[in-house]
Structure formats: C-alpha cells, structure tokens
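Heads up, the thing below is written out as structure tokens.
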Amino acid sequence: MISRRRFIEQTSLMAVANCAFAGIGGANEDALTPDPKLLERAKVLLNKAPFIDTHNDLPSMFLETKAGDLTSFDMSKVQPMLCADIPRLREGCVGAQYWSVFVESGTQKKHTSLHEALREFDVVLRFIHSRTELEQARTADDIERIHQAGRIACLLGVEGGHMIENSPAALRTFHELGARYMTLTHWGNVDWADAATDEPERQGLTEFGKRVVKEMNRLGMFADISHVSADTMRDTLGVTRAPVIFSHSNAFAIDPHPRNVPDDVLRMMPKNGGVVHVNFIGAFVSPRRMPNSSRSRKRR
Ligand SMILES: [Zn+2]
C-alpha cells in the first residue's frame with residue numbers, strides 16, 4: 001500500500017523519464033512549444049467560456065506538507081512542491097476549479113473518514129477565502145459571474161463516498177459546504193458501492209447506494225463515477241435522473257487500467273448527457289507508464 005501522493009509522485013517521475021527516453025525532451029523540446037497562433041486562439045476562447053478543471057489535489061497537499069498551515073505558502077508565487085498555485089492557475093487559464101476533498105478509503109475501517117473530511121473542507125475553504133483571485137461558486141450562474149469578473153470560480157468535489165459514513169445527513173451537509181460532486185468510491189469498496197480497484201462485493205450499487213445517487217440528484221450534486229467498478233458505473237447510469245461526470249478517468253480500450261472507462265459505458269454517456277473529464281497521470285494514459293505497485297487490483 002502506498003499513499004496517493006507517493007503514487008502521483010512516482011507516476012509523474014516516470015512520465016518525465018519516459019519523455020526523455022522517447023526523445024520528447026531535450027533537443028526535441030521544440031515539439032512541445034505550442035503554435036503561438038493556436039495558443040492565442042485558445043486564450044481568446046477560454047476568456048469567453050470558462051475552462052473547468054474537475055480535479056485538483058491541492059487541499060490534501062496543504063495538510064500533508066504543513067498540516068494545513070496556509071501561512072507556510074506564498075501562493076502568489078510558483079510553489080514547486082505543490083500541484084497548483086495562483087501563477088500556474090492563471091497561466092493555464094483555469095476559469096473554474098473543483099478542489100478535491102480527499103481522505104484515504106482505508107479510514108472507513110477506523111470510522112475516521114468523516115472527521116478527516118472535515119479537515120479537508122476546512123483547509124480548502126480557508127484557502128479560497130484567503131485569496132482575492134478566488135471565489136466560491138455554488139451554482140452554474142456563479143461560475144459565469146465569477147469568471148466574467150476575472151476571478152477563478154471554486155467548487156468542491158468529495159473524492160470517495162466513504163466520507164459520508166453511510167449518513168445522508170453528512171451528504172447534505174457536504175452539499176451545504178459547497179460540494180458539487182461526490183465520487184461514489186475511491187480505491188476501496190464502500191458498504192453500498194464497489195470500487196474499480198477492489199474485489200467485487202456488491203456487484204455494483206446496493207439499494208442504499210441507489211438512494212444516495214437519487215439524493216445527490218435532488219440536492220444538485222453530480223454523481224462522479226471515476227474510481228468505481230464498471231458495474232457501479234452501469235448501475236449509476238441506470239438510476240440517475242441527472243447527468244453524471246467522470247471527474248478524472250480515461251478510456252479502458254486505450255489503457256486497460258481497472259479504473260478507466262470501458263467502451264460500453266462510454267456508449268451510455270451521450271444519452272445521459274454526462275461528461276468524461278480525462279486526466280494525465282501517466283499510469284492512466286499508457287500501460288507502459290504504470291508503476292509495478294499500481295498493477296495490483298488490491299492496491300488502495
Ligand atoms: Zn482519484
């Protein structure tokens with residue numbers, strides 16, 4: 001078992017190594033230099049329509065590196081040890097950012113998931129409120145208003161249904177705090193849904209799991225079906241009354257990692273109206289970039 005942060009570090013290092021090996025870096029660096037005209041066109045488009053990033057791990061990094069002490073970081077400058085900062089969000093023309101509220105799924109065994117989740121909500125809300133460049137968004141209209149004002153709209157995504165500890169009251173409280181999606185599982189199964197990277201126990205969603213999805217529909221939270229098993233994806237698409245999202249998943253046919261999306265599920269998406277947001281962690285893009293420790297289905 002390795003932490004998610006360690007996993008991201010490993011895969012990022014491998015991606016850099018693979019680029020160098022493939023001759024992408026160094027002498028061929030020009031190949032990565034964008035065409036200035038295309039870049040200008042992209043910036044004009046992103047000025048009109050907000051670019052929405054649905055997954056950013058920064059809140060966990062605040063807690064893991066400095067126990068959530070935001071005075072330890074000057075976020076107006078590039079922070080090489082973190083995955084994001086204001087200059088890079090601006091350079092990337094990010095219009096709206098979903099900040100990930102994440103705790104390891106193993107915490108459910110100790111019944112500390114909800115407690116740990118509150119620390120994540122606390123640090124990300126403190127961060128949003130500490131920066132004039134950021135503003136919390138609760139609706140789609142908020143995103144447009146904040147983007148037009150030149151600020152970055154901030155929304156929260158809960159990465160793992162274990163954090164509600166089987167409590168609809170916790171789900172509703174998360175929504176009140178600003179969560180606008182919840183990933184139904186993370187690496188391990190929850191009592192009411194199977195994860196992609198655990199042994200199947202429920203063959204998808206239980207009846208309680210279906211009620212969780214319906215309550216999310218009622219509240220106005222996306223059901224995020226990244227990380228869940230293919231059966232849980234299909235069950236969710238069968239029961240939801242609103243579009244779902246994959247906040248960070250890629251195509252199984254391209255890279256057969258268990259947490260990527262199989263073709264039959266991709267074919268269900270147009271009717272649902274949902275969106276698959278891709279990620280660029282090496283292991284989920286190419287099997288050649290998968291570290292040995294992530295090949296096991298039992299890894300959490
Ligand atoms: Zn994830």
Side-chain angles (χ1 to χ4, degrees), residues 1-15 52-64 82-84 94 97-108 113 116-117 119-121 123-124 155-164 174 179-190 193-198 216 221-230 232-233 236 244-252 254-262 265-266 274-287 289-291 293-300:
M1 176 175 158
I2 60 172
S3 74
R4 184 172 69 158
R5 176 148 191 220
R6 182 85 189 106
F7 173 67
I8 290 170
E9 282 170 1
Q10 276 187 11
T11 51
S12 302
L13 286 172
M14 286 188 68
I52 301 177
D53 178 354
T54 47
H55 198 78
N56 190 314
D57 291 321
L58 185 63
S60 296
M61 291 187 169
F62 283 142
L63 288 171
E64 288 174 15
L82 300 177
C83 66
V94 174
Q97 179 68 70
Y98 278 85
W99 300 105
S100 179
V101 168
F102 168 78
V103 302
E104 298 280 354
S105 47
T107 56
Q108 62 190 323
S113 306
E116 294 294 323
R119 294 180 68 227
E120 294 265 332
F121 274 103
V123 77
V124 70
L155 304 102
L156 279 56
V158 175
E159 192 182 14
H162 53 285
M163 279 177 263
I164 65 170
F174 286 177
R180 290 298 178 268
Y181 76 69
M182 182 172 78
T183 320
L184 301 187
T185 75
H186 188 248
W187 216 269
N189 296 341
V190 297
D194 281 346
T197 41
D198 204 346
M216 293 172 74
M221 286 173 81
F222 287 117
D224 173 21
I225 48 177
S226 283
H227 279 292
V228 306
S229 73
T232 304
M233 295 174 192
T236 306
V244 301
I245 60 166
F246 288 85
S247 65
H248 56 308
S249 291
N250 298 342
F252 186 89
I254 304 295
D255 180 1
H257 190 290
R259 80 183 257 344
N260 282 339
V261 192
V265 175
L266 287 175
V275 177
V276 182
H277 298 257
V278 297
N279 74 57
F280 45 83
I281 298 280
F284 306 139
V285 177
S286 165
R289 295 182 181 176
M290 203 181 292
S293 54
S294 76
R295 290 179 196 275
S296 165
R297 285 179 61 83
K298 288 186 176 175
R299 178 189 163 271
R300 292 180 171 83

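None of the values given here were measured: they were computed from a predicted structure. Basis for what follows: all heavy atoms, side chains included, without hydrogens, waters or symmetry-related copies. Whatever order the structure lists them in is the order used to number ligands and atoms, beginning at 1.
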Compute both the distance and the angle, then confirm whether Arg180 meets the cation-pi test with Tyr98: under 6.0 Å from the six-membered ring centre, within 45 degrees of the axis.
no

Intermediate values then yes/no, side chain to side chain donor-acceptor pair (under 3.5 Å), Asn279 and His277
CA-CA 7 Å; Asn279 74 57; His277 298 257; over 6 Å; no

Taking OH in Tyr181 as the centre, count heavy atoms belonging to other residues, nucleotides or ligands within less than 6.0 Å. Is the count above 12?
yes

Between CD1 on residue Ile225 and CD1 on residue Ile245, distance to nearest 0.5 Å
9.5 Å

Within His227, is some N, O or S atom less than 2.8 Å away from the Zn ion (ligand 1)?
yes

Please determine if the Zn ion (ligand 1) has an N/O/S atom from His248 lying under 2.8 Å away.
yes

Looking at the Zn ion (ligand 1), which N/O/S atom of Glu159 is the nearest one?
OE2

